[in-house]
Protein chains: 2
Amino acid sequence: MIYQEGESSNLFLTVLEGWALRFAMTRDGRRQVLSFLLGGDHVALDSLSFDRMTFSVQAITDCTICAVDRTTINRLVGSSPSALERLEGRHRFLGIGSQQHIISLGRRSAAGRIAQLFLEMKLRLAARGFKDESRLPFPIRQRDIADAYGLTPVHVNRVLRSFRAEGVAELARGTLSIIDGKRLSAIAGLKELDQDITRYGVNLSRFEYQQ
Amino acid sequence: MIYQEGESSNLFLTVLEGWALRFAMTRDGRRQVLSFLLGGDHVALDSLSFDRMTFSVQAITDCTICAVDRTTINRLVGSSPSALERLEGRHRFLGIGSQQHIISLGRRSAAGRIAQLFLEMKLRLAARGFKDESRLPFPIRQRDIADAYGLTPVHVNRVLRSFRAEGVAELARGTLSIIDGKRLSAIAGLKELDQDITRYGVNLSRFEYQQ
DNA sequence: CGGTTGGTTGATATTATTCAATGGTCGTGG
DNA sequence: CCACGACCATTGAATAATATCAACCAACCG
């Protein structure tokens with residue numbers, strides 16, 4: 001557990017290596033995964049101005065986390081207009097991510113949501129150097145996918161089985177193979193524009209990571 | 001139609017009066033409502049740094065909109081640290097709004113989603129001076145609710161009918177009556193913390209509006 | 001080994017959708 | 001003033017999507 005909802009902290013966190021997820025709990029104890037975090041992703045921009053978040057963060061695999069005091073970052077942002085510009089860009093990127101998540105939850109079928117997740121991850125992983133679509137690292141459990149997309153682990157399993165049976169994609173023992181990207185894209189029902197924007201956001205993220 | 005997805009614009013828009021909604025279209029022509037906008041709400045912070053948004057904005061009732069050139073706002077933010085602070089606060093507020101929306105879509109039943117919408121609107125309207133819970137202005141159509149919460153207009157209608165039959169809330173001819181707020185809250189299944197945060201965000205919004 | 005965690009499967013129940021039709025309200029033009 | 005069309009809201013019956021419950025399996029780890 002990297003951060004607990006409501007906990008006070010002055011640290012600005014960034015995942016350097018490994019996989020993590022951001023989530024919230026409902027009163028009745030169910031979990032809603034808000035986003036998945038990969039190497040280079042900031043845990044939360046909120047922490048630049050606030051010391052308590054409204055969500056928790058948990059590691060999926062072993063992680064190395066970079067923690068910087070938030071005043072240090074704020075000094076940088078306050079003094080450099082280009083840093084402010086980049087910060088705004090980052091906010092926008094996160095906003096687009098939530099927007100895609102809302103569209104998935106609101107208007108896509110279970111299969112469409114999982115297809116969209118695979119395609120998003122393909123892009124994010126490609127930006128991190130994993131180009132081979134038939135062997136992508138994917139340590140996210142079926143339970144996590146279910147909690148991210150408002151489904152049951154059982155139903156996620158059935159969709160994955162159907163992907164396997166139809167020769168669309170295969171997820172097993174922590175590695176994802178995208179077999180028929182075109183079909184996957186059709187199942188997700190993405191507009192071209194969305195694809196571009198996602199890629200743009202990913203590249204932006206990568207850019208800041210390298211600095 | 002106030003703004004169309006992809007359109008180029010240098011204006012920073014704020015709703016002064018009336019109701020509007022932010023939405024995206026899927027490739028197959030369905031609509032996902034991303035949020036509802038009331039008087040005092042900014043249409044998008046994105047427009048401070050980018051001239052093309054990834055969503056459209058449409059009026060629900062007649063609206064009066066405040067449009068400011070974005071360079072004007074940016075000069076203000078760049079020159080005043082407190083303005084930057086407020087901008088961050090606003091970003092956070094929007095983020096919490098999306099987060100609640102994701103939780104609704106992912107983990108609440110149809111009745112829970114609509115109950116949550118009613119409670120959220122109760123707070124936002126109270127911050128704007130509408131204190132009488134039995135007579136809240138509510139021009140949002142059943143179709144809009146359906147598109148916001150991933151439901152069918154038909155199903156929204158059935159949930160509303162059940163609310164009416166159970167004496168929980170009544171929505172008719174553009175006015176909402178909250179009859180049993182406690183029951184409504186139980187149906188929504190809100191954590192106390194979430195209530196506080198929503199209220200905080202609303203007050204923040206109101207604060208900036210008055211300036 | 002044995003325990004734990006995550007994945008798989010089948011039968012059944014619930015929730016929400018789809019399709020199709022009816023009714024109500026409001027503005028508008030004849 | 002009436003008739004018409006447009007746009008919502010409402011309702012019923014049939015169907016599809018997803019959840020629930022209850023097992024069982026397989027891999028991994030100490």
Side-chain angles (χ1 to χ4, degrees), chain A residues 19 21 26 28-33 58-62 104-117 137-166 169-177 187-189, chain B residues 1 19 21 26 28-33 58-62 104-117 138-166 169-177 187-189:
Chain A
W19 295 57
L21 54 78
T26 63
D28 58 348
R30 282 142 80 211
R31 186 179 70 152
Q32 174 65 47
V33 171
Q58 188 175 16
I60 294 175
T61 66
D62 290 342
S104 268
L105 284 165
R107 285 281 172 253
R108 274 192 258 256
S109 68
R113 293 173 205 183
I114 293 174
Q116 148 72 11
L117 171 66
F138 204 91
I140 299 173
R141 286 154 306 173
Q142 295 185 3
R143 175 66 199 270
D144 298 327
I145 298 176
D147 285 348
Y149 290 104
L151 302 167
T152 306
V154 175
H155 196 61
V156 170
N157 186 287
R158 296 199 162 116
V159 171
L160 291 180
R161 174 155 57 90
S162 87
F163 280 1
R164 213 173 303 145
E166 305 263 328
E170 216 166 314
L171 174 55
R173 261 161 284 112
T175 83
L176 169 67
S177 317
I187 294 169
Chain B
M1 187 69 59
W19 295 56
L21 54 79
T26 63
D28 57 349
R30 283 142 81 211
R31 187 179 71 151
Q32 174 65 46
V33 170
Q58 187 175 16
I60 294 175
T61 66
D62 289 343
S104 268
L105 285 165
R107 286 281 170 253
R108 274 191 258 256
S109 66
R113 293 173 206 183
I114 293 172
Q116 148 72 10
L117 171 66
F138 203 92
I140 299 174
R141 286 154 305 174
Q142 296 184 3
R143 175 65 198 271
D144 298 327
I145 298 176
D147 285 348
Y149 290 103
L151 302 168
T152 307
V154 174
H155 196 59
V156 169
N157 187 287
R158 295 195 165 122
V159 171
L160 291 180
R161 175 156 56 91
S162 86
F163 280 0
R164 213 173 303 144
E166 305 263 327
E170 217 166 316
L171 175 54
R173 261 160 284 113
T175 84
L176 169 66
S177 317
I187 293 169

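Numbered from 1 within each chain, the chains take letters A, B, ... in sequence-line order.
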Using whole Å, what does the distance between atom [atom2] of nucleotide [N] and atom [atom1] of [X] come to?
X	N	atom1	atom2	result
A/Ile145	C/dG6	CD1	C1'	12 Å
B/Leu176	D/dA9	CG	P	14 Å
A/Glu170	C/dG7	CD	P	15 Å
A/His155	C/dT9	NE2	P	15 Å
B/Arg30	C/dT17	CZ	P	10 Å
B/Phe163	D/dT10	CZ	P	14 Å
B/Ile114	C/dA16	CD1	P	9 Å
B/Asp147	C/dT17	CG	P	11 Å

Using a heavy-atom cut-off of under 4.0 Å over every strand shown, decide if [X] touches base, sugar-phosphate, or nothing.
X	value
B/Leu160	nothing
B/Gly174	nothing
B/Arg113	nothing

Are [X] and [N] close enough that a side-chain N or O sits under 4.0 Å from OP1 or OP2?
X	N	result
A/Arg141	C/dG6	yes
A/Gln142	C/dT8	yes
A/Arg161	C/dT9	yes
B/Asn157	D/dT10	yes
A/Arg107	C/dT17	no
A/Arg143	C/dT8	no

- What is the minimum heavy-atom distance between A/Asp147 and B/Arg107, and which atoms define it? OD1-NH2, 2.6 Å
- Task: Please check if any side-chain donor atom of A/Arg108 sits under 3.5 Å from a side-chain acceptor atom of A/Ser104, or the reverse.
- Result: yes
- Message: Main chain of A/Trp19, side chain of A/Thr61: is a donor-acceptor contact present, judged purely on distance under 3.5 Å?
- Response: yes
- Message: Please check: side-chain N/O of B/Arg113 versus main-chain N/O of B/Tyr149, any donor-acceptor pairing under 3.5 Å?
- Response: yes
- Which residue lies more 5' along DNA chain D, comparing A/Ala110 with A/Arg173 via nearest heavy atoms: A/Ala110
- Note on the structure: Per atom distances to the A/Val154 side chain, the nearest of C/dT18, D/dC21, C/dA16 is D/dC21
- Message: Please determine whether the number of non-hydrogen atoms from other residues, nucleotides or ligands lying under 6.0 Å from atom CZ of A/Arg31 exceeds 12.
- Response: yes
- Item | Side-chain-base donor-acceptor pair under 3.5 Å for B/Arg158 and D/dG12 | yes
